[in-house]
There are 2 protein chains.
Amino acid sequence: MKVATFNVNGIRARLDSISELMQMEAPDVLCLQEIKCENDLFPYDFFKDYQCYVNGQKAYNGVSICSRKEGVPVVVLEEVESRTLGLVLGDTLIVNVYAPHGDLRGSPRFFQKIQWYKAFSKRMEELLRRYPKVLIVGDFNIALKDNDVWDPILLKDTVGTFPEEREALKALLSVGFVDVFRAIYPEKVQFTWWDYRQGRMWKNQGMRIDYVFSSETLMPSIEDVYVVEEIRKRRNPKPSDHAPVVCVVK
Amino acid sequence: MKVATFNVNGIRARLDSISELMQMEAPDVLCLQEIKCENDLFPYDFFKDYQCYVNGQKAYNGVSICSRKEGVPVVVLEEVESRTLGLVLGDTLIVNVYAPHGDLRGSPRFFQKIQWYKAFSKRMEELLRRYPKVLIVGDFNIALKDNDVWDPILLKDTVGTFPEEREALKALLSVGFVDVFRAIYPEKVQFTWWDYRQGRMWKNQGMRIDYVFSSETLMPSIEDVYVVEEIRKRRNPKPSDHAPVVCVVK
DNA sequence: GGAATAGGAG
DNA sequence: CTCCTATTCC
């Protein structure tokens, strides 16, 4: 089973990129973040061979899971912003996440981000007891370690690198999850997000903030994980500021 | 000499259509209306083989003349809205016009439209004495006769068909100009503008409001005039609500 | 820098 | 219906 995650930054503006991803990778499950539309504006017709499960929101946030096989949707969190969506496929729970951006330390949004991580970690601990195999994918808006950002000095204490944020993300992992990419490639420097500004997109000055987290129970089934950079590198008319991440599960 | 006129409804959103027009017609002079940008946002680089003369405005209106040969720009009217631009090429004066829309009879904008026509007609009378040959092109926002609208009954006393508007446009012609299209094709029903709404664009339910007016002195040199409908008919991703009109002058 | 909104204009 | 301007968010 191939699971892809992609922060599209507006699904209606990104159908070309999604098309390309589907052609290249033919994922069985496609988890999208920041679709930025309400459920009834979701382009269901575009995903012909997929069942679409959507937790949409007007203008901001919004996540969806498109799956070749039918699944059972799961409410992950009671939330005001549409940031999470779960889907049970066989004995596996897939959780699609768009974590809060958070802003700088001291801001209300920073505090909310930390709180959100606490609630989410607690809930995942709970779900881990209920479902034997769990895969969490999505945009976590935190770079775990210094080798997950293009310039750790320049980006020290900026959004996504604050120690408090890193602790919050580690706390999630400590519940029983593994950062699949880092487990397979301990030293690899690879990014999944680039700032549109200052040409950072084209200079590969990015951060790794999109992840696939596998429950320890599912780890033996993980075959590979990789970032699909072609869509951005080919200077697609207008690319997302994120690249898709694909995980291959036995 | 080939002169094209095209209300682009936003030049930045219409570069594809303009490209297509230049490939198809290779006009010597290209008069654009509703460019909707200030002079410094005009895409000068796009018009490689042309000299560009621009009377721009932010958000609304704005006209430009692009000419293969250098010309001498002429201020047609002292104006607050950028609606006119003249260019002298050899012994011919080309005047590019975006007449006011006008709204319904009784509105302030209706009155302004009639006033604008009075001032413009007077000025053209003046310019006609100064320049032996004059060509006025552009969007006049008035359909001269009933056979210039798709449904004269339905559109009776709506914007562009009011008797006062038609009189104002006839008054301009009476100064010494000829509606070239109607002179060559007395009975032809052909439109240059279609409402985006109610699918009128695709049902060819339009009006002829874009014209080429030739001074009587220049009429013997006029070879043909035609509407370039292909760009709209091919359902170009997003077409302008106007079609270009091309005039061939000896 | 780019997507999405609301509001105004045609 | 589609453009442009603001604005907000990332």
Side-chain angles (χ1 to χ4, degrees), chain A residues 7-17 32-38 41 56-62 81 83 98-104 107-110 112-113 139-142 158-160 193-203 205-207 209-210 232 235-242, chain B residues 7-15 17 33-38 41 56-62 81 83 98-104 107 109-110 113 139 141 158-160 193-203 205-207 209-210 232 235-242:
Chain A
N7 180 320
V8 290
N9 188 11
I11 193 170
R12 286 166 289 176
R14 217 64 69 200
L15 292 183
D16 282 351
S17 294
L32 304 179
Q33 302 91 38
E34 276 201 278
I35 60 174
K36 294 186 175 180
C37 68
E38 286 174 318
L41 282 173
Q57 184 186 324
K58 190 193 229 182
Y60 307 115
N61 316 312
E81 295 181 312
R83 299 189 170 277
Y98 173 53
H101 175 265
D103 212 333
L104 294 177
S107 70
R109 289 176 161 272
F110 183 84
Q112 283 161 19
K113 181 178 191 172
D139 173 5
F140 290 82
N141 268 314
I142 296 172
T158 59
V159 176
W193 173 84
W194 301 262
D195 200 316
Y196 279 127
R197 289 163 288 191
Q198 295 151 273
R200 289 200 178 156
M201 177 122 237
W202 315 116
K203 291 184 274 187
Q205 300 177 340
M207 296 170 72
I209 60 177
D210 300 85
R232 173 182 67 91
R235 297 204 178 207
N236 236 42
K238 293 194 167 186
S240 168
D241 47 354
H242 294 252
Chain B
N7 179 320
V8 290
N9 189 11
I11 194 170
R12 288 165 289 176
R14 217 64 69 203
L15 292 182
S17 293
Q33 303 91 39
E34 276 201 276
I35 59 174
K36 293 185 175 181
C37 68
E38 285 174 321
L41 282 173
Q57 184 187 324
K58 190 194 232 184
Y60 308 114
N61 316 311
E81 296 181 311
R83 299 190 170 276
Y98 173 53
H101 175 264
D103 212 335
L104 294 177
S107 71
R109 290 177 159 270
F110 183 85
K113 182 178 191 172
D139 173 5
N141 269 314
T158 59
V159 177
W193 172 84
W194 302 263
D195 200 316
Y196 279 126
R197 291 161 287 191
Q198 295 152 273
R200 289 201 177 156
M201 176 122 237
W202 314 116
K203 291 183 275 188
Q205 299 176 339
M207 295 169 73
I209 61 178
D210 300 84
R232 173 182 67 90
R235 296 202 178 209
N236 239 42
K238 291 195 168 185
S240 168
D241 47 354
H242 293 253

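Below, chain A is the first sequence line, B the second, and so on; all start at residue 1. Everything numeric here is computed off the predicted structure, so don't read it as measured data.
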For the pair made of [atom1] in [X] and [atom2] in [N], what is the distance, rounded to whole Å?
X	N	atom1	atom2	value
B:Arg200	D:dT2	CZ	P	15 Å
A:Lys58	D:dT7	NZ	C1'	15 Å
B:Glu38	D:dC4	CD	P	13 Å
B:Met201	D:dC3	CE	C1'	13 Å

Are the side chain of [X] and the backbone N or O of [Y] linked by a donor-acceptor pair below 3.5 Å?
X	Y	value
A:Gln205	A:Arg200	no
A:Arg232	A:Trp202	no
A:Lys203	A:Gln198	yes
A:Lys113	A:His101	yes
B:Ser17	B:Pro239	no

Approximate separation, where rounding is to 0.5 Å, of A:Phe140 CZ and A:Tyr98 OH: 12.5 Å

Sugar-phosphate, base or nothing in reach of B:Arg14, heavy atoms under 4.0 Å: sugar-phosphate

Along DNA chain C, first and last positions that approach a heavy atom of chain A under 4.0 Å: C:dG1 to C:dA6

Listed partners of B:Glu81 passing salt bridge (charged side-chain N to carboxylate O under 4.0 Å, His left out), at least two apart: B:Arg83

Side-chain donor-acceptor contact under 3.5 Å, A:Asp241 with A:Trp194: no

Interface polar pairs with nucleotides 8-10 of chain D, N/O, under 3.5 angstrom:
residue, atom, partner, partner atom, Å
D:dC10, OP1, A:Arg109, NH1, 3.4
D:dC10, OP2, A:Arg109, NH1, 3.1

